[in-house]
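None of the values given here were measured: they were computed from a predicted structure. Here is how names work: the chains are called A, B, and so on, in the same order as the sequence lines, proteins then strands, and each is numbered from 1.
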Amino acid sequence: MLVPGIASLLALADQRLPSGGHVHSGGIEQAITEGLVTEVAGLERFLERRLRTTGLVTAGLAAAATVLSASPQAPAHLAQLDAEADARTPSPAQRIASRAQGRGLLRTAKAAWAAPSTTLSWTDLGARPHHPVVLGCACAAGGVSAQGAALAAAYLSVSAPSTAAQRLLALDPVSVAAVTVRLGPAIEQIAAAALLSWGSPDSGQPESHPGTNRTKTAEAGHNIPAHTPPGPPIGATPPQQLDLTKADPAAVSTGPDQGAADVLDLALLPDDSDPLLDLLAERHAAREERLFAS
Amino acid sequence: MRPDLYLTDSAHGGARLGVPRPAALPHELPGEDPHEHLSGPGRLSGANGPLRVGIGGPVGSGKTALVAALCRVLGERLQLGVVTNDIYTTEDADFLRRNAVLPDERIVAVQTGCCPHTAIRDDITANLDAIDDLVERLEPLDLVLVESGGDNLTASFSKGLVDVQIFVVDVAGGDKVPRKGGPGVTTADLLVINKTDLAPLVGADLEVMAGDAHKVRGSQPVVLQSLREDPRASAVADWVLAQLDRTAAVSA
């Protein structure tokens, strides 16, 4: 096998996966309504901006979920991770949208895989977990590595609003597809940056300080923000390291490189946010007439 | 116009509305996992939940008026919920609430992501979530009506979303519509040709419409109705009740 779980990864990143993504625009409906995005060039700028914030955060959460699925204390660890997702999603409308999509993906994942791992059941996640948390667990179930989970989350942060914009503005689908492809290297950079933030062995690079790693990524020329956050987001769990040393690598169905992290400090997960996206989400949720749920 | 054309179940015009029994039905047996068969109508919720009836059809064909009529008639005797799939607004849900055919909490509107067709056939998640919410809130429910946003003749409901589906076309859309077919007209469990009272005004030939409908639908039933003449949508209401009986018989 070239890449473990690659077929599962492709299925999970497919826009046609019936998990509710169809009715969520990732903020682009409101951006279009307010005249911020009117054509393909504007769409590309919007997508890049969303990738750098939402994409980075969801990539970190999804990758952490994949790793934590293998932990002997997986149910408790994933509950903590879900709270971390709340803390990193200041807009209530975005929290609702993320949980709605998590609920949808959970339904699909339940039908596809019996359980994420031997230490975690789907019901442990609750009825409406955050989307990246479910995505990471589904990756674990499908034998996808944490790196794959980060890639899927980063990719979805771009693909969902791009197809919504295509429908709303009747954009040329070929041009929109070209934009997604052009963002490919940036998507990979973001996924790698999300993993490096907490020194995941899955990142394939030596562990180092998260801030400096983001700087390195930015130096690669992809406009990725280089700032180091002052601390964990308000509402996040106090800095603590989840001890994964008792993690049983065999707990996850396949994927030899999973469950290898000794410790995972959730406070180190990316917490970037974009006030524009938060405001767009809130204004959208307050509307009575809209085509998309978010 | 012969009255029996309003209720026909075959190309050769039976006067009674027939509910054909497919050769094989999804069913549950004691000690056996629920499973589906490929033939016949879609999933049957049976004892596991309310019967789910999809109502689709082109814009303006009278879907919401039919849903309102069914709510008025069936709401008297059944525990009922409605999911609407409006294209842009919550107009259909508002209409049902305003006309007080059901209490507000029994009606849920979902967004359809700029493509109502996809929301009932391809990514049905928003509708499934809405039904789950209704069931959670109002259990026990006997029946959930899922009204699609107005779409075209290719629109059909996923069998993962509804047990049976009704497709509504109207006389004013032209009497060629049944002949043109499309998955809605040909495969729906019930075809409703609506607004028959308009036929003389728009020059539509109801006999041609009924005949063409039966030609493309084989033995599947067709109802011709006018809600002006029959505000209780009697034939459709009877058909829905027959589906409920069938579900009960299958899951018994």
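- Per-residue heavy-atom pair counts under 4.5 Å with chain B were compared for A/G21, A/P18, A/S25, A/A100, and the maximum is reached by A/P18.
- Rounding to the nearest 0.5 Å places CG of B/L128 at 9.0 Å from OG1 of A/T108.
- Within 6.0 Å of CD on A/E282 lie more than 12 heavy atoms contributed by other residues, nucleotides or ligands.
- Atom CD of A/E289 has more than 12 neighbouring heavy atoms from other residues, nucleotides or ligands inside a 6.0 Å radius.
- When every heavy atom of B/C114 is checked against every heavy atom of A/L168, the shortest pair comes out as SG-CD2, 4.0 Å.
- B/D122 is not listed as a side-chain neighbour of A/H22, based on a closest heavy-atom distance of 4.5 Å or more.
- In this structure, chain B has heavy atoms under 4.5 Å from both the backbone and the side chain of A/R167.
- For the pair A/V23 and B/A126, the tightest heavy-atom approach, listed with the atom from each and the gap, is CG2-CB, 4.1 Å.
- With rounding to the nearest 0.5 Å, the separation of CZ in A/R107 from CD1 in B/I124 is 7.5 Å.
- Taking OG1 from B/T125 and CG from A/L17, the interatomic distance works out to 8.0 Å, rounded to the nearest 0.5 Å.
- Looking at A/A164, neither its backbone nor its side chain comes within 4.5 Å of chain B, counting heavy atoms on both sides.
- Residues A/R128 and B/D132 are not paired through a salt bridge, judged by the lack of any N-O separation under 4.0 Å between the basic side chain and the carboxylate.
- With rounding to the nearest 0.5 angstrom, the CZ atom of A/R16 is 11.5 Å from the OG1 atom of B/T118.
- At most 12 non-hydrogen atoms from other residues, nucleotides or ligands lie less than 6.0 angstrom from CZ of B/R228.
- In terms of heavy-atom pairs under 4.5 Å with chain A, the best-connected choice from B/D86, B/N127, B/D133 is B/D133.
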